[in-house]
Amino acid sequence: MQTRKLSIFFEHILEAQEQTGLSLSNILDQVKRWGYEGIEINLDYAVQNPDAIMLLRQKGFRFSCIYQFYDWEKSTDLTKAKLHVDTAVRLSAGKILVVPGFFNDKETELFHNLHKKDEIYKMMDSLDSVKNITSMLWQTVQYAQEKHITVTLEDFDSANSPCAKTYQLLYFFERIKGLKFTMDCGNFAYSDEDAAEAFNQLKEYMAHIHLKDRGRESCLPEGLHYNKGLAPVPTGSGYIPIARFVEEAESMGYKDYFAIEHFGSPDQLTFMQKSASFMESF
């Protein structure tokens with residue numbers, strides 16, 4: 001067992017505040033006692049709420065990653081991306097996560113029965129939305145490298161995401177030097193992909209890790225292989241092999257933050273405590 005750097009989504013803290021009625025300061029004190037050092041925060045929130053940023057700094061938190069949603073399937077405006085990078089510099093975050101945009105339903109349907117790498121690459125090559133996203137990602141990475149900030153993509157859990165699946169992610173990583181991977185341990189279940197196999201194929205690009213677990217559910221569509229349910233659960237209490245991923249990452253030399261994530265929790269405060277306890281158990 002070793003001491004690990006843990007971070008938590010600030011949205012979970014805000015949700016805990018709403019669920020419990022406790023003050024933000026009180027919750028931050030509890031979270032700090034449980035071993036969380038870092039904060040994953042949304043760019044728009046960070047820019048619009050300087051008082052919260054000041055409080056987090058006063059409490060001794062650091063910013064592990066700043067994330068933001070984009071519409072790069074159609075936009076060519078780099079203004080927000082540059083602000084994203086500049087804010088990461090200002091907050092000493094080091095890494096940003098971009099959710100680059102989404103396919104429309106017609107484009108999504110084109111990928112429905114595609115599983116082979118060459119089939120997916122050919123389809124990605126054919127779409128103007130992907131060409132635009134690739135261009136915007138490349139420009140963002142170039143700007144970020146000048147500021148010593150790492151740009152990452154994650155396996156985002158949406159059928160309309162252009163980076164939901166392993167080969168979609170590889171498509172971007174192989175074309176944009178310097179673009180890195182945020183491994184979300186629970187999101188490959190959404191795409192019904194083997195997370196362990198995805199980890200093996202993408203690990204050379206990995207720069208950040210979201211420890212999202214998934215809970216089993218009884219009412220699921222037929223034909224699924226790896227998706228046993230998508231219920232939010234504390235990290236370590238679901239069916240995703242979280243400990244295995246943590247230990248494999250550490251064996252590769254990973255020493256950065258492990259970000260605890262459980263959006264949709266009915267009791268964020270308890271979930272955060274249980275997740276932190278699990279990370280101290282092995």
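A continuous path of Ile, Leu, Val, Met, Phe, Trp and Tyr side chains, each step under 4.5 Å between heavy atoms, connects L211 with F63, placing both in one hydrophobic cluster. Follow the hydrophobic side-chain contacts under 4.5 Å out from M183 and you never reach Y226; the two are in separate clusters. L269 and L24 fall within a single hydrophobic cluster, where Ile, Leu, Val, Met, Phe, Trp and Tyr are joined by side-chain heavy atoms under 4.5 Å apart, directly or via other members.
Here the two rings, on F156 and Y190, have centers that are 6.0 Å apart or farther. Proximity of the aromatic rings of F188 and F199 is defined here by a centroid distance below 6.0 angstrom, and this criterion is not met.
Checked for salt-bridge contact, K165 and D155 miss the test: no charged N lies under 4.0 Å from a carboxylate O. Ionic pairing of R4 and E250 is present here: one or more N-O contacts between side-chain nitrogen and carboxylate oxygen are shorter than 4.0 angstrom.
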Please walk me through it: do N160 and N104 pass side-chain hydrogen bond (donor to acceptor under 3.5 Å, both in side chains)? CA-CA 7 Å; N160 296 87; N104 59 42; over 6 Å; no
Candidate pair E40 and H210, rule side-chain hydrogen bond (donor to acceptor under 3.5 Å, both in side chains), full reasoning: CA-CA 10 Å; E40 308 266 315; H210 289 173; 3.2 Å; yes
Does W72 form a ring-ring contact (aromatic ring centres under 6.0 Å, His included) with Y70? I'd like the steps, not just the answer. CA-CA 6 Å; W72 287 344; Y70 292 91; 4.3 Å; yes
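In terms of heavy atoms, P232 sits closest to F263 at CB-O, 3.4 Å. Heavy atoms only, all atoms of each residue included: H84 and L97 are closest at CE1-O, 3.4 Å. A pairwise comparison of heavy atoms in Y205 and L170 identifies CE1-CD2, 3.7 Å as the closest pair. Residues I240 and C185 share a closest heavy-atom pair of CG2-O, 3.5 Å. The heavy-atom pair separating F111 from L127 by the smallest distance is CE1-CD1, 3.7 Å.
Other residues, nucleotides and ligands place no more than 12 heavy atoms under 6.0 Å from the NZ atom of K74. Annotation for K82: atom NZ does not count as buried by contact number, only 12 or fewer foreign heavy atoms lying within 6.0 Å. Within 6.0 Å of CH2 on W138 lie no more than 12 heavy atoms contributed by other residues, nucleotides or ligands. Applying the 6.0 Å contact sphere to CE of M54 captures no more than 12 heavy atoms from other residues, nucleotides or ligands.
Put simply, OH on Y36 and CG on L6 are 6.0 Å apart, with the number rounded to the nearest 0.5 Å.
Note: F69 and F102 have parallel aromatic rings, judged against thresholds of 30 and 60 degrees for the angle between ring planes.
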